[in-house]
Amino acid sequence: MRFYWILGCVLWAGLAQAEVFEKTLSNGLKVIVKEDHRAPTVVQQIWYRAGSMDEKTGTTGVAHVLEHMMFKGTKSVPVGDFSRRIAAAGGRENAFTSYDYTAYFQQLHKSKLPLAMQLEADRMHNLVLSEKEFSKEIKVVMEERRWRTDDDAHSLVGERLMATAYQEHPYHNPIIGWMNDLENMSYLDAQDWYKTWYAPNNATLVIAGDVKASEVFALAQKHYGKIPKAKLPKRKEMGEQPQLGIKRIVVKAPAELPYFIMAYHAPTMHDVEKDWKPYALSVLAGVLDGSESARLNKALVRDQQVAISVGAGYDSTSRGPSQFTIEGTPASGKTIAELETAIREQLQAVVRDGVSEEELKRVRAQVTASEVYKLDSVFYQAMQIGQMESIGLGHQAIPVMLKKLQAVTTQQVQDVAREMLVDDHLTVAVLDPQPLTEKNKQAKGGTHAH
Amino acid sequence: MRTKLIAVLALCCVASSAYATPKIQHWQAPSGAQVYFVEDHDLPMLDVAVNFAAGDAYDAVDKIGVAGMTHGLLDAGAQGLSEDDISRKMADIGAQLGGSFDADRASISLRTLSSAAERDAALDIVARVLQQPVFPEAVLVRNKASLIAGLKEAETKPEHLSEKAFGKAVFGNHPYGWQTEVADVEKINRADLEAFYRAHYNAKNAVVALMGDVTRKQAEAIAQQLTANLPQGGSSTTLPAVAAKIAASEQRIAHPASQSHILIGTPGIARNDADYFPLYVGNYILGGGGFVSRLMNEVREKRGMAYSVYSYFMPMQQPGAFQIGLQTKKEQADEALKVVRQTLDTFVAKGVTEKELQAAKDNIIGGFPLRIDSNRKILDYLSVIGFYHMPLTYLDDFTQQVDAVTTKQIHDAFKRRIDPNAMATIIVGAPESEKKNQ
């Protein structure tokens with residue numbers, strides 16, 4: 001289910017826990033609180049609006065490297081102490097980097113929120129970046145890259161696909177960075193990054209759980225309020241020229257089964273009230289791959305048995321452009337070409353004949369139910385808020401998007417398929433499986449990483 | 001690695017305060033199934049899991065793979081419902097049919113809205129899936145082909161190769177070490193699935209867990225609805241004993257990956273083992289405690305040799321594995337292995353400090369509320385408590401059990417249970433084997 005489920009408080013306004021409060025401190029830090037009193041726990045997430053898409057040539061991967069360095073100590077908290085103190089408070093913690101943002105989180109008993117805030121606020125402006133710690137941590141990141149990408153055939157295909165589909169836009173580069181850039185990175189690169197982007201006016205603080213918004217705002221003021229604002233660089237608009245024809249690449253890597261990804265350039269949400277294509281594309285993904293009986297699995301895996309697995313995906317919300325993707329592994333005895341033909345027939349059927357009201361109803365039922373299920377995870381609710389804030393749509397867009405998603409028509413799905421699913425906007429990346437015995441050294445390669 | 005909570009916060013020099021734990025109701029359904037229920041009306045949803053002693057350790061030695069295929073085909077068709085009917089009807093009401101499968105346990109789970117129309121429709125489907133599966137021949141043929149392709153693919157992945165060799169080295173001929181091979185899958189037929197289903201999916205062996213927005217009366221009816229028509233009878237659920245000790249071994253397997261995948265281990269502990277808490281708390285210090293464990297500190301923080309390094313005990317009906325794992329650049333695999341072994345040797349020989357123990361308790365006890373802060377997590381505890389016959393007070397007693405652990409107990413338990421000189425070591429993508437085999 002790669003469909004992008006959006007959450008909304010609207011449908012379930014009757015549930016007392018679904019309240020969101022926000023306040024912006026005078027230094028520009030936006031604080032958002034989601035009260036949920038079901039369990040005595042809380043999650044703190046701090047989201048910086050700086051991801052791999054903000055990197056420059058030669059220092060790809062630095063957003064993620066800095067994420068690692070954020071655990072290496074400050075003027076008052078020696079290296080290792082951040083994690084030790086969170087652990088001693090019964091907490092769980094981690095961080096993740098994406099194309100669009102970098103985020104850090106702790107989950108703890110509600111009584112420990114002040115400690116988590118104190119530590120997180122401290123490393124927002126007091127990080128000590130030493131050459132010694134950097135020299136060890138950069139090796140850890142290179143091991144992470146080997147594990148996530150270089151030795152993982154499907155990840156490699158994804159990395160090379162992105163580098164092919166995007167020629168201008170920085171989504172061209174993998175989040176974890178090219179190995180060559182990691183090998184040549186210095187602690188000064190990480191320091192530059194930190195000084196440029198880590199500031200209260202480039203961050204969103206999301207607190208969700210068994211807390212009172214007024215108390216959280218006071219605590220946030222106490223711990224984050226004195227951190228000075230920074231002058232942020234002007235962000236340049238970045239785009240991708242229209243593709244002028246289909247692109248195809250082959251990736252050779254150790255594997256047994258072939259695999260391939262088809263990626264069509266697709267728009268993302270800019271105006272949640274007026275845009276309609278992102279909603280229609282989301283529903284299209286649900287019609288194709290919202291359940292095991294959805295079109296792709298039913299036709300290609302169950303009926304025609306041309307695929308072992310097949311899936312469709314689309315993310316309507318990101319700072320940069322998006323793609324509508326279809327991926328699959330052919331069944332034994334079938335080729336990638338046969339699978340591609342079968343997939344294209346399915347896409348053409350949507351373009352030619354449209355989709356049924358029954359299929360839309362099913363997608364709507366799944367969206368509605370997942371809105372309820374989402375309430376079982378405070379962490380996930382906080383994630384959605386942080387994400388929407390970081391890409392610039394704002395958390396208020398969440399219920400709006402839910403409503404608009406439910407209003408998509410069959411005609412819109414057919415129209416968007418006809419407009420978007422065209423060969424000139426398509427990139428196809430194919431895994432050509434190589435036997436293990438012939439040692440085939442990869443050049444460096446890679447995909448998204450957190 | 002699951003545990004529970006309720007805690008005495010003795011550590012923070014605050015007055016001890018107990019964390020609230022869910023009130024677990026337990027009864028036996030008229031069908032014979034054991035039922036575990038937590039009533040909670042905060043969210044308009046219901047989670048259900050039905051568990052059976054039907055994991056792959058229950059395969060016959062000449063019919064390996066049958067348990068997994070049986071579980072996998074439960075939702076491939078039931079009386080009056082085709083494979084597509086099942087998935088489509090579930091999607092129509094936004095319900096989610098899931099399952100889990102390991103060596104001990106096979107389970108089917110359902111998440112649904114609790115409003116009557118959705119709930120009743122979803123439960124009707126699950127009741128048929130559980131009690132009237134038809135194991136359609138055509139789906140069996142398709143799934144066998146798919147599984148065989150998957151197995152061949154897995155044979156190219158270092159993770160799979162290392163896990164497979166590790167299972168054999170640690171468990172020998174015990175079912176916990178069996179691996180499903182292509183030849184096993186090829187000979188599976190419908191009759192095998194039906195026979196396995198009749199022998200292992202019985203009401204008297206079923207553990208039903210329910211969590212969420214239904215009343216006790218409704219929960220009683222649901223438990224009965226899901227189990228009343230399961231096959232009668234049933235075979236023994238006791239698995240053969242696992243040999244407690246193994247001889248030291250080291251296996252190097254060639255692979256072109258840039259990293260070596262290393263696993264080290266030995267048989268560990270059973271779910272109801274008397275040493276469970278000392279070993280659980282001790283392992284937090286050794287390699288279970290995220291960024292603050294000794295292994296993490298030695299291998300990653302001090303030397304930058306791996307992204308991930310960990311250790312764990314997998315408590316099963318019979319002793320599951322104690323396992324240490326990491327991936328590191330091929331050229332430094334031997335050096336990393338040395339660091340890991342030294343860390344383990346020192347840990348077993350010298351035990352832990354009072355300070356380390358206190359830090360472990362602070363984390364495990366202080367973090368107890370995070371273990372039960374969602375319906376999903378509570379449902380999983382209900383299944384585990386029921387399936388492994390753990391006390392109903394397991395969650396209530398958890399923090400006290402952790403708090404009672406001493407450094408001496410940890411030292412003593414590790415010395416008795418973990419012999420660093422009698423471990424199985426697997427290195428896939430090992431430097432020496434590269435030279436030899438290529």
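In what follows, chains carry the letters A, B, and so on, assigned in the order in which the sequence lines appear, proteins first and then strands, with residues in each chain numbered from 1. Keep in mind the model is a prediction, meaning the values are calculated, not measured. Side chains are part of it too, since the values below use all heavy atoms of this structure and drop only hydrogens, waters and symmetry mates.
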Shortest non-hydrogen contact from B:Ala91 to A:Gln366? O-CG, 3.5 Å
Using modelled atom types only, decide if a donor and an acceptor are shared between the side chain of B:Asn363 and the backbone of A:Gly91 within a distance under 3.5 Å. yes
Could you measure the distance from the CZ atom of A:Arg85 to the CG atom of B:Asp362? Nearest 0.5 Å is fine. 13.0 Å
Shortest non-hydrogen contact between A:Ser293 and B:Asp84, atoms and distance: CB-OD1, 3.5 Å
Tell me which of these, A:Ala153, A:Ala87, A:Ala39, has more heavy-atom pairs under 4.5 Å with chain B than the rest. A:Ala87
Taking atom types as modelled and ignoring hydrogens, do the side chains of A:Asp151 and B:Ser258 form a donor-acceptor contact shorter than 3.5 angstrom? yes
Report yes or no: do A:Arg302 and B:Ser82 form a side-chain donor-acceptor pair below 3.5 Å? no
Within the structure provided, determine whether A:Glu137 and B:Arg300 are in side-chain contact (heavy-atom separation under 4.5 Å). yes
Under 4.5 Å heavy-atom distance to chain A, tell me which part of B:Glu118 shows up: side chain, backbone, both or neither. neither
Portion of B:Met305 that has a non-hydrogen atom of chain A nearer than 4.5 angstrom: backbone
Minimum side-chain heavy-atom gap A:Glu143-B:Lys329 below 4.5 Å: yes
Hey, could you give me the CG/CG distance between A:Asp36 and B:Asp42, rounded to the nearest 0.5 Å? 8.5 Å
Could you check which of A:Lys136, A:Lys139, A:Met142, A:Arg364 has the highest count of heavy-atom pairs closer than 4.5 Å to chain B? A:Lys136
Salt bridge check, A:Lys72 against B:Glu301: does any charged N sit closer than 4.0 Å to a carboxylate O? yes
Region of A:Leu108 that comes under 4.5 Å of a non-hydrogen atom in chain B: backbone
Between A:Leu257, A:Asp376, A:Asp210, which has the largest tally of heavy atom pairs under 4.5 Å with chain B? A:Asp376
Nearest 0.5 Å, what's the CD1-CG distance between A:Ile308 and B:Leu147? 10.0 Å
Where on B:Ala145 is there a heavy atom nearer than 4.5 Å to chain A: the side chain, the backbone, both, or neither? neither
Could you measure the distance from the CZ atom of B:Arg376 to the OG atom of A:Ser377? Nearest 0.5 Å is fine. 9.5 Å
Just give me the residue among B:Arg111, B:Lys157, B:His261, B:Glu159 that pairs up with chain A most often, heavy atom to heavy atom, under 4.5 Å. B:Arg111
NZ/B:Lys89: more than 12 non-hydrogen atoms of other groups inside 6.0 Å: no
Checked B:Ala306, B:Ser308, B:Gly290, B:Ala359 vs chain A; the most non-hydrogen pairs under 4.5 Å come from B:Ala306
Quick one, B:Asp373 with A:Thr41, criterion side-chain hydrogen bond (donor to acceptor under 3.5 Å, both in side chains). Give me CA distance, side-chain angles, the key distance, then yes/no. CA-CA 7 Å; B:Asp373 66 356; A:Thr41 56; 3.3 Å; yes
Please determine, among B:Ser146, B:Gly304, B:Ala95, the option with the most heavy-atom pairs under 4.5 Å with chain A. B:Gly304
Would you call A:Arg38 and B:Asp40 a salt bridge, taking side-chain N to carboxylate O under 4.0 Å as the test? no
If we define contacts as heavy-atom pairs under 4.5 Å, which of A:Lys361, A:Lys298, A:Glu358 has the most with chain B? A:Lys298
Which region of A:Gln107, side chain (C-beta onward) or backbone (N, CA, C, O), has a non-hydrogen atom less than 4.5 Å from a non-hydrogen atom of chain B, or is it both or neither? both
Run the side-chain contact (heavy atoms from CB on, under 4.5 Å) check on A:Arg146 and B:Tyr307 step by step: do they pass? CA-CA 10 Å; A:Arg146 290 181 189 104; B:Tyr307 174 64; over 6 Å; no
Quick one: do A:Glu256 and B:Glu155 satisfy side-chain contact (heavy atoms from CB on, under 4.5 Å)? Show the steps, please. CA-CA 8 Å; A:Glu256 170 71 21; B:Glu155 288 292 320; over 6 Å; no
So, the part of A:Ala255 with a heavy atom under 4.5 Å from chain B: the answer is both
Using 0.5 Å steps for rounding, measure from the OH atom of A:Tyr373 to the CG atom of B:Asp47. 8.5 Å
Given B:Lys377, B:Gln259, B:Gln327, the one with more heavy-atom pairs under 4.5 angstrom with chain A than any other is B:Gln259
Spacing of OG1 belonging to A:Thr329 relative to CD belonging to B:Glu153, to within rounding of 0.5 Å: 7.5 Å
Can you find a heavy atom in the side chain of A:Asn94 that is under 4.5 Å from one in the side chain of B:Phe291? yes
